[in-house]
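As structure tokens, the structure follows; a few thoughts come after it.
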Number of protein chains: 2
Amino acid sequence: MMSKAATTKKLILNKSLELIYKNGYQSTSIDEIIATTNVTKGAFFYHFKSKEEMGLAIINEIFFPTVIDGLVHPLEKVDNIIDEIYKMLHSILFDHSAFNIAYGCPVVNLVEEMSPVSESFRKALSRLLLRVQQALVTALETAQRNGQIRKDVNCKRVATFILSGYCGVRNMGKLFGKESYSNFLREIKFYLNQLK
Amino acid sequence: MMSKAATTKKLILNKSLELIYKNGYQSTSIDEIIATTNVTKGAFFYHFKSKEEMGLAIINEIFFPTVIDGLVHPLEKVDNIIDEIYKMLHSILFDHSAFNIAYGCPVVNLVEEMSPVSESFRKALSRLLLRVQQALVTALETAQRNGQIRKDVNCKRVATFILSGYCGVRNMGKLFGKESYSNFLREIKFYLNQLK
DNA sequence: TTACAAACATACTATTTAGTATGTTGGCAG
DNA sequence: CTGCCAACATACTAAATAGTATGTTTGTAA
């Protein structure tokens with residue numbers, strides 16, 4: 001059972017994330033957050049000493065666990081990595097109901113918006129993305145040792161490439177919708193199969 | 001020779017773009033723009049009836065010509081498309097001195113930030129990106145007719161994939177710097193060569 | 001030259017912003 | 001029970017914000 005205070009904090013974080021997902025971090029005001037949560041300003045600033053602290057809490061307390069559970073762990077024990085990466089991309093692009101194509105991916109959005117203007121955000125987000133990249137690299141290297149991937153493949157480069165594609169297609173989707181996603185998926189599948 | 005008024009307008013647009021590139025559109029205030037340009041508020045609102053109109057003018061009067069001249073036209077008459085696309089990506093990522101890795105690409109940034117929150121921006125930006133995509137598709141199709149690309153390649157999908165990769169690596173670069181760019185370039189080269 | 005509109009300048013406003021100061025309440029250790 | 005502090009609530013502030021109202025200047029057509 002979660003304490004009342006912890007519940008309030010979670011409520012603030014979740015609603016804030018929702019608003020930030022739709023409007024961006026800098027355009028989401030604390031007044032708007034407290035209005036939609038029915039939490040008072042006093043409560044907000046009791047839990048977070050500043051807006052920035054709240055933003056960083058979203059990264060560390062929501063993004064991190066979600067990404068670790070949803071991407072990093074699933075990549076750890078899998079026998080057919082190539083197929084699994086494709087499936088994961090497909091599933092994250094199409095199946096996740098929390099996502100809205102028009103709004104893209106909350107993590108990617110925050111990288112875009114905040115990493116150039118705040119070193120704290122950049123560091124927190126780069127830790128997160130590094131974690132995902134590392135998980136991909138490790139998985140690919142294992143597959144390489146098992147002979148599922150050619151020996152001359154540079155796993156780190158492949159990981160960067162996959163991540164880039166994912167970030168980018170979230171952007172394209174904002175303009176052109178689902179079609180971007182399926183086009184991307186078809187080509188990444190082709191690319192991934194060439195690694196075998 | 002440009003009229004004085006046209007010069008002022010250009011000055012506003014160029015400086016605004018600079019500020020938006022660094023801080024984002026919504027976080028760039030008109031007060032900041034007129035401070036750094038030494039243009040008065042009266043002049044600003046004489047040339048643009050609102051901040052949004054100025055933002056759209058950046059897309060239509062700066063992005064469009066730049067992209068048409070720098071990407072669309074170069075793609076029109078070229079004999080080795082695969083190599084040319086790679087060279088263009090390399091050059092746009094590494095050679096262009098107006099770009100700063102930490103800030104990404106101004107067009108991509110604006111897509112990320114504004115297309116979810118403003119239909120006018122979304123439309124203007126989607127026209128722009130569609131133009132680039134179409135140029136890629138046409139070039140690829142020509143190459144396909146000339147036998148430089150396999151017949152079973154879906155040119156539109158490839159174009160989407162390349163664009164996605166570009167958008168995405170601009171994002172990755174914000175976190176990890178140049179290394180993302182070179183990693184991306186190596187893999188896209190591999191991908192492109194598989195189309196032959 | 002002079003009229004007059006285009007091109008700018010200045011001063012203002014209503015709202016929104018993050019953050020603060022100063023309260024009040026509710027639960028539970030002693 | 002009671003004192004005390006975590007957990008909230010309310011009222012405020014100074015700065016920033018997009019935009020407006022009302023000017024003045026400047027080029028140029030007649």
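Below, each value reflects all heavy atoms present in this structure, side chains not excepted, and no hydrogens, waters or symmetry copies. Letters A, B, ... mirror the listed sequences (proteins, then strands); counts begin at 1.
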Choosing from [options], which nucleotide comes nearest the side chain of [X]?
X	options	value
B:Phe45	D:dG19, D:dA9, C:dG19	D:dG19
B:Thr8	C:dC8, C:dA7, D:dA18	C:dC8
A:His47	D:dC8, C:dC8, C:dA7	D:dC8
B:Tyr46	C:dA7, D:dA9, C:dT10	C:dA7

Expressed in angstrom and rounded to an integer, what is the separation of [X] atom [atom1] from [N] atom [atom2]?
X	N	atom1	atom2	answer
B:Phe44	C:dT10	CZ	P	17 Å
B:Ile33	D:dA16	CD1	P	16 Å
A:Ile12	D:dA7	CD1	P	12 Å
B:Tyr25	D:dA18	OH	P	9 Å
B:Gln26	C:dT17	CD	P	11 Å
A:Asp31	D:dA11	CG	P	14 Å
A:Lys41	C:dT22	NZ	P	17 Å

Given A:Glu32 and A:Lys22, is the salt bridge (charged side-chain N to carboxylate O under 4.0 Å, His left out) satisfied, shown in steps?
CA-CA 13 Å; A:Glu32 203 185 342; A:Lys22 288 184 191 167; over 6 Å; no
Check the side chains of B:Lys196 and B:Asn193 for a donor-acceptor pair under 3.5 angstrom, ignoring hydrogens and angles.
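Yes, B:Lys196 and B:Asn193 have a side-chain donor paired with an acceptor closer than 3.5 Å.
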Considering only heavy atoms, which members of residues 48-60 of chain B lie under 4.0 Å from some atom of DNA chain D?
B:Ser50, B:Lys51
Residue mapping more 5' on DNA chain C - nearest nucleotide basis, B:Ala43 or A:Ile30
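Upstream on the strand: B:Ala43.
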Contact under 4.0 Å: B:Ser29 side-chain N or O vs D:dA16 OP1/OP2:
no
Carboxylate-amine/guanidinium proximity below 4.0 Å for B:Arg170 and B:Glu112:
no
Separation of B:Cys155 SG from B:Gln133 CD (nearest 0.5 Å)
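Nearest 0.5 Å value for the CD-SG distance: 11.5 Å.
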Rounded to the nearest 0.5 Å, how far does OG of A:Ser126 lie from CD1 of A:Ile59?
10.0 Å
Residues 69-81 of chain A, side-chain donor-acceptor partners within the protein, below 3.5 Å, at least two apart:
| from | atom 1 | to | atom 2 | distance (Å) |
| --- | --- | --- | --- | --- |
| A:Asn80 | OD1 | A:Asp83 | N | 3.3 |
| A:Asn80 | ND2 | A:Asp83 | OD2 | 3.2 |

Could you check whether A:Phe161 and B:Phe190 have their ring centres less than 6.0 Å apart?
no
Hey, does B:Thr28 reach any base, or is it just sugar-phosphate, or nothing, if we go heavy atoms under 4.0 Å?
sugar-phosphate
